[in-house]
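Along the sequence shown, residues carry numbers from 1.
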Amino acid sequence: SGAKPGDLVLVTGKLGRKAVVPAARLKEGQILAQSGVVTSMIDISDGLSTDLLHICDESAVGVRIFANKLPVASFSSLDMALNGGEDYELCFTTLPASAEKLIAEVQKKTGTKITIIGEILRKNEGRWLINSDGEEKILKAKGWDHLRNF
């Protein structure tokens, strides 16, 4: 719930792969949590769109993510990367000044790739997905909903 306007949005690993045998990013999560510079974090189990919007709701902020920056897994699609769920990757936010050092530390200690996918906005600026043509589309939660997907 600590994301602030100006923070960057980052994710671990690849999205849209729908892990057959889920493996939580425990070591990565511990490193990130102990860094003191992560402002919010959530695991991506219900889909990036849904879980990132949980961060936005809890932090009372908006967001802008870029489709061409999403680390889409081989043999997957943008839709699966955004909405597929069961990736068990981490989505987190941090100040721009902390991002590169944090990325380097996690990658050195775990070998896990981290990608900057967007930025946190003020709540009144909206929640956006920028497609590869630069067109803004409203980011909607289309991942798993525990009450809707019964």
Side-chain angles (χ1 to χ4, degrees), residues 1-4 7-35 37-95 98-100 102-121 123 126-133 135-150:
S1 64
K4 302 279 187 259
D7 284 355
L8 295 178
V9 179
L10 303 91
V11 294
T12 60
K14 298 275 187 180
L15 304 176
R17 62 185 172 84
K18 197 168 188 168
V20 176
V21 180
R25 295 282 191 185
L26 295 177
K27 188 170 185 181
E28 293 84 350
Q30 290 169 340
I31 294 166
L32 293 167
Q34 293 168 359
S35 72
V37 297
V38 170
T39 55
S40 67
M41 183 167 35
I42 192 167
D43 73 311
I44 304 172
S45 57
D46 295 333
L48 176 64
S49 64
T50 297
D51 291 324
L52 177 54
L53 290 177
H54 288 319
I55 286 177
C56 291
D57 290 342
E58 292 299 315
S59 301
V61 295
V63 68
R64 177 185 299 120
I65 61 171
F66 298 89
N68 64 346
K69 295 188 182 223
L70 295 180
V72 180
S74 299
F75 307 106
S76 192
S77 66
L78 177 61
D79 184 63
M80 284 299 295
L82 284 169
N83 308 309
E86 297 184 19
D87 285 327
Y88 295 96
E89 296 296 347
L90 299 173
C91 178
F92 62 98
T93 58
T94 191
L95 294 169
S98 304
E100 292 304 323
L102 190 59
I103 290 168
E105 179 182 359
V106 172
Q107 286 184 185
K108 181 181 176 188
K109 291 180 177 178
T110 67
T112 300
K113 182 173 174 44
I114 295 180
T115 306
I116 298 170
I117 63 166
E119 61 190 332
I120 297 296
L121 306 172
K123 185 176 184 176
R127 297 168 177 188
W128 304 101
L129 170 67
I130 311 303
N131 71 20
S132 57
D133 296 329
E135 180 185 1
E136 291 183 330
K137 295 186 175 198
I138 294 173
L139 180 63
K140 296 180 181 178
K142 294 182 180 178
W144 179 261
D145 180 328
H146 297 274
L147 298 176
R148 183 187 73 218
N149 299 106
F150 246 92

**Request:** Starting at CD1 of I44, measure out to CZ of F92 and round the result to the nearest 0.5 Å.
**Result:** 10.0 Å
**Request:** Please report the C-alpha distance between V63 and W128 in whole Å, then the side-chain angles of each, then the deciding distance to 0.1 Å, and finally whether the side chain to side chain contact (heavy atoms under 4.5 Å, CB included) criterion is met.
**Result:** CA-CA 6 Å; V63 68; W128 304 101; over 6 Å; no
**Request:** Step by step, work out the side chain to side chain contact (heavy atoms under 4.5 Å, CB included) result for E105 and I31.
**Result:** CA-CA 8 Å; E105 179 182 359; I31 294 166; 3.9 Å; yes
**Request:** Considering non-hydrogen atoms only, spot the tightest contact between E136 and R64 and give its length.
**Result:** OE2-NE, 4.2 Å
**Item:** side chain to side chain contact (heavy atoms under 4.5 Å, CB included) between D51 and C91, worked out
**Value:** CA-CA 8 Å; D51 291 324; C91 178; 5.9 Å; no
**Prompt:** So, the side chain of S35 versus the backbone of V37: is there a donor-acceptor pair under 3.5 Å, distance only?
**Reply:** yes
**Message:** Let me confirm one number: the CD-NZ distance from Q30 to K109, rounded to the nearest 0.5 Å.
**Reply:** 11.0 Å
**Request:** Taking all non-hydrogen atoms of both residues into account, name the closest pair between K4 and V61 and its distance.
**Result:** CA-CG1, 4.4 Å
**Message:** Could you work out, with side chain to side chain contact (heavy atoms under 4.5 Å, CB included) as the rule, every residue matching N131, not counting sequence neighbours?
**Reply:** D133, E135, K137
**Complete:** Correct closest heavy-atom pair for M41 and L32 would be SD-CD1, 3.8 Å
**Request:** Supply the atom-to-atom distance L129 CG to S49 OG, rounded to the nearest 0.5 angstrom.
**Result:** 9.5 Å
**Complete:** Note: V72 and A81 closest approach over all heavy atoms is CG2-CB, 3.8 Å
**Message:** Would you say S132 and N68 are linked by a side-chain donor-acceptor pair, where the criterion is simply a distance under 3.5 Å?
**Reply:** no
**Prompt:** With distance as the sole test, does T39 use its side chain to make a donor-acceptor pair with the main-chain N or O of T93 at under 3.5 Å?
**Reply:** yes
**Polar side-chain atom of S45 near backbone of Y88 as donor-acceptor pair, under 3.5 Å** = no
**Item:** S77: side chain to side chain contact (heavy atoms under 4.5 Å, CB included) partners, not counting sequence neighbours
**Value:** D79, M80
**Request:** Would you mind reporting whether V9 and L52 have side-chain heavy atoms less than 4.5 Å apart?
**Result:** yes
**Prompt:** From H54 NE2 over to D43 CG, what is the distance, rounded to the nearest 0.5 angstrom?
**Reply:** 9.5 Å
**Prompt:** Is it the case that S59 and S1 place a side-chain donor and acceptor less than 3.5 Å from each other?
**Reply:** no
**Item:** Side-chain (D87) to main-chain (R17) donor-acceptor, under 3.5 angstrom
**Value:** yes
**Item:** Taking every non-hydrogen atom, the tightest pair across R127 and D57
**Value:** NH1-OD1, 2.7 Å
**Request:** Would you sort out whether L82 and L15 count as a side chain to side chain contact (heavy atoms under 4.5 Å, CB included), showing the intermediate values?
**Result:** CA-CA 8 Å; L82 284 169; L15 304 176; over 6 Å; no
**Prompt:** Can you find a side-chain donor-acceptor pair between R25 and T112 that sits under 3.5 Å?
**Reply:** yes
**Fill in**
In this structure, CD1 of I130 is separated from CD1 of I65 (nearest 0.5 Å) by 9.0 Å
**Asked** To the nearest 0.5 Å, how far apart are CD1 in I55 and CD1 in I120?
**Response** 7.0 Å
**Fill in**
Between L10 and the options V106, I114, L90, V38, the side chain to side chain contact (heavy atoms under 4.5 Å, CB included) test singles out I114
**Complete:** When every non-hydrogen atom of N83 is compared with those of K142, the smallest separation belongs to OD1-CB, 3.4 Å
**E58 atom CD, over 12 foreign heavy atoms within 6.0 Å** = no
**Message:** In the structure I gave you, are the side-chain heavy atoms of V11 and E89 within less than 4.5 Å of one another anywhere?
**Reply:** no
